[in-house]
2 protein chains.
Amino acid sequence: MKVQDLRFAVLATDVVLFSLHDDRLWVRLITTQNTHFQGMQALPGGLIGPTETADEAAKRHIEAKTSIASAKVHFEQLYTFSTIDRDPRGRVVAVAYLGFVPWERLSEVERGSTSDARWSPLKDARGLAYDHDEIVKVALARLRSRVTYTTLLQKLLPKEFTLTELEHAYEAVLGADLDKRNFRKKILKLDILKEVPNKKSGGAFRPAQLYRFATDKVIEIEVI
Amino acid sequence: MKVQDLRFAVLATDVVLFSLHDDRLWVRLITTQNTHFQGMQALPGGLIGPTETADEAAKRHIEAKTSIASAKVHFEQLYTFSTIDRDPRGRVVAVAYLGFVPWERLSEVERGSTSDARWSPLKDARGLAYDHDEIVKVALARLRSRVTYTTLLQKLLPKEFTLTELEHAYEAVLGADLDKRNFRKKILKLDILKEVPNKKSGGAFRPAQLYRFATDKVIEIEVI
DNA sequence: CCAAAAGTGTTTTTCCTACACCCATGT
DNA sequence: ACATGGGTGTAGGAAAAACACTTTTGG
């Protein structure tokens with residue numbers, strides 16, 4: 001076997017970029033240029049270059065394909081998909097990533113749609129090109145799992161938030177209702193939140209205390 | 001950019017193959033052939049071929065490099081390492097796997113050492129070639145984490161085992177002592193074990209009840 | 001003063017923890 | 001009969017679950 005023959009595969013990355021808005025999970029989708037999947041929706045992604053890591057490629061393609069500043073996005077490696085015929089153009093091995101961005105950090109243009117990219121409610125994100133339905137399925141399972149034993153949700157929330165907003169975030173991701181009083185007792189006892197001086201007066205009702213996470217790092221916690 | 005330039009990387013797989021024996025974790029190591037790491041120990045692994053998935057390559061190399069039948073091994077994808085200079089020979093992206101094999105299922109030759117391959121206590125597995133120290137570190141963290149919320153340990157135990165053996169397995173992996181009575185109550189309440197009719201009479205003491213896992217599948221459980 | 005979400009406490013039940021002795025067997 | 005690991009119960013404390021009313025604000 002010649003060295004050239006060893007380099008048979010193209011390396012790519014695909015990103016499942018999540019945001020949380022309107023008590024629902026959203027995913028950023030693009031319109032694929034691949035003629036085999038004419039006009040279909042797909043996950044943003046692209047090739048990994050000779051001088052960059054998979055992480056760097058994921059960040060680069062998020063910027064290029066979805067017009068969202070990658071500095072706002074928290075990335076985690078998800079899984080590597082290496083099925084032989086997953087791309088009809090040839091052998092492409094994809095290192096898939098999870099991305100998380102707080103809706104509140106997005107600019108008007110980043111929230112918007114173009115003919116090339118848009119936010120879609122997660123539950124409508126089906127019928128995607130390639131094996132991207134499968135990737136989204138794995139992504140959601142990983143997200144749900146990690147949310148129960150880490151502080152990953154902070155990457156989907158603004159810096160400051162109310163306990164009700166945090167509870168709704170858990171409910172949206174887990175697809176389950178939580179008891180308000182028990183949730184508050186539990187989350188405060190974990191000692192991962194800091195009260196901030198300000199309150200959020202959102203309308204014709206009592207203003208809510210704002211909190212932030214004590215650290216920017218995603219850490220392991222007791223199970224929610 | 002020409003198509004040939006896109007195929008710059010060699011794809012490889014490395015396997016952290018664990019076994020449990022003598023109340024300790026062991027890892028299968030090989031002697032690397034790479035001249036840059038002359039005579040050093042490394043994880044078993046090798047190139048991914050044009051007509052196989054990463055999973056298939058991991059299985060193939062475990063057979064070829066460590067003389068252990070891959071049918072006995074439970075594989076899980078660990079992480080993909082894509083640092084640019086991780087292999088001095090050129091760009092190699094490695095899809096790393098965890099492997100688990102019950103010591104009791106190994107044949108005499110599979111348990112043994114050759115000049116090419118051997119079992120090493122996990123805590124002695126340092127100073128490995130490439131970035132394999134790092135891969136082992138990630139592997140142990142993943143193993144410890146998964147053991148607490150899944151039935152993964154079944155892949156390191158024989159089909160039938162006593163509760164004491166199961167407890168010792170948890171203690172070896174987690175590096176912590178557990179209370180015998182509380183452990184038994186907890187694990188039995190989870191309802192994942194089946195009593196089998198036989199007992200294990202190991203010597204000059206009361207024979208122990210044998211159990212097996214109710215299912216071969218690794219499932220999620222409450223935290224141990 | 002009304003609508004809307006914020007915020008709070010108690011009781012019951014379940015689970016966790018700590019801890020020590022008798023049992024069945026082989027030699 | 002003794003040495004060895006197998007096997008069991010209980011009490012006290014902590015955490016989980018279930019559950020409803022008062023507070024604060026804007027309109």
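Note that this is a predicted model, so its numbers are computed, not measured. Numbers restart at 1 for each chain; the letters A, B, ... are given by sequence-line order, proteins then strands.
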Asker: Counting only N and O atoms by type, is there a donor-acceptor contact under 3.5 Å from the side chain of A/Lys65 to the main-chain atoms of A/Asp116?
Answerer: no
Asker: Going 5' to 3' along DNA chain C, between which two nucleotides do contacts with chain B fall, using a heavy-atom cut-off of 4.0 Å?
Answerer: C/dC15 to C/dG26
Asker: Quick one: does B/Gln41's side chain have a donor or acceptor within less than 3.5 Å of a partner on B/Ala125's backbone?
Answerer: no
Asker: Could you pick out which residue, A/Ala204 or A/Gln209, lies toward the 5' side of DNA chain C when each is mapped onto its nearest nucleotide?
Answerer: A/Ala204
Asker: Taking side chain to side chain contact (heavy atoms under 4.5 Å, CB included) as the definition, give me every residue that meets it alongside A/Lys186, ordered by chain and number, with sequence neighbours left out.
Answerer: none
Asker: Parallel, tilted or perpendicular: which describes the rings of B/Trp119 and B/Trp103, with under 30° parallel and over 60° perpendicular?
Answerer: perpendicular
Asker: Under the ring-ring contact (aromatic ring centres under 6.0 Å, His included) definition, can you give me all pairs with a residue in residues 158-195 of chain B, not counting sequence neighbours?
Answerer: B/Phe161-B/Phe213, B/Tyr170-B/Phe183
Asker: If I take atom CD1 in residue A/Ile187 and atom P in nucleotide D/dA15, what distance separates them, rounded to the nearest angstrom?
Answerer: 15 Å
Asker: Listed by chain and number, what are the side chain to side chain contact (heavy atoms under 4.5 Å, CB included) partners of A/Lys217, not counting sequence neighbours?
Answerer: A/Thr215, A/Ile219
Asker: Hey, can you pull the residues of residues 161-185 of chain B with a non-hydrogen atom under 4.0 angstrom from DNA chain C?
Answerer: B/Asp179, B/Arg181, B/Asn182, B/Lys185
Asker: Please state how far atom CG in B/Leu193 lies from atom P in D/dG7, giving the value in whole angstrom units.
Answerer: 13 Å
Asker: If you look only at pairs with a residue in residues 131-148 of chain A, which of them pass as a side chain to side chain donor-acceptor pair (under 3.5 Å), with sequence neighbours excluded?
Answerer: A/Asp14-A/His132, A/Glu76-A/Arg146, A/Arg86-A/Asp131
Asker: Here's a test of your reading of the structure: between A/Ser201 and B/Phe205, which maps to the more 5' nucleotide of DNA chain D?
Answerer: B/Phe205
Asker: What integer distance in Å separates B/Lys200:NZ from D/dG7:P?
Answerer: 12 Å
Asker: Take A/Glu165 and A/Lys200 through the test salt bridge (charged side-chain N to carboxylate O under 4.0 Å, His left out) and record every step on the way to the result.
Answerer: CA-CA 11 Å; A/Glu165 286 165 352; A/Lys200 173 164 191 165; 2.5 Å; yes
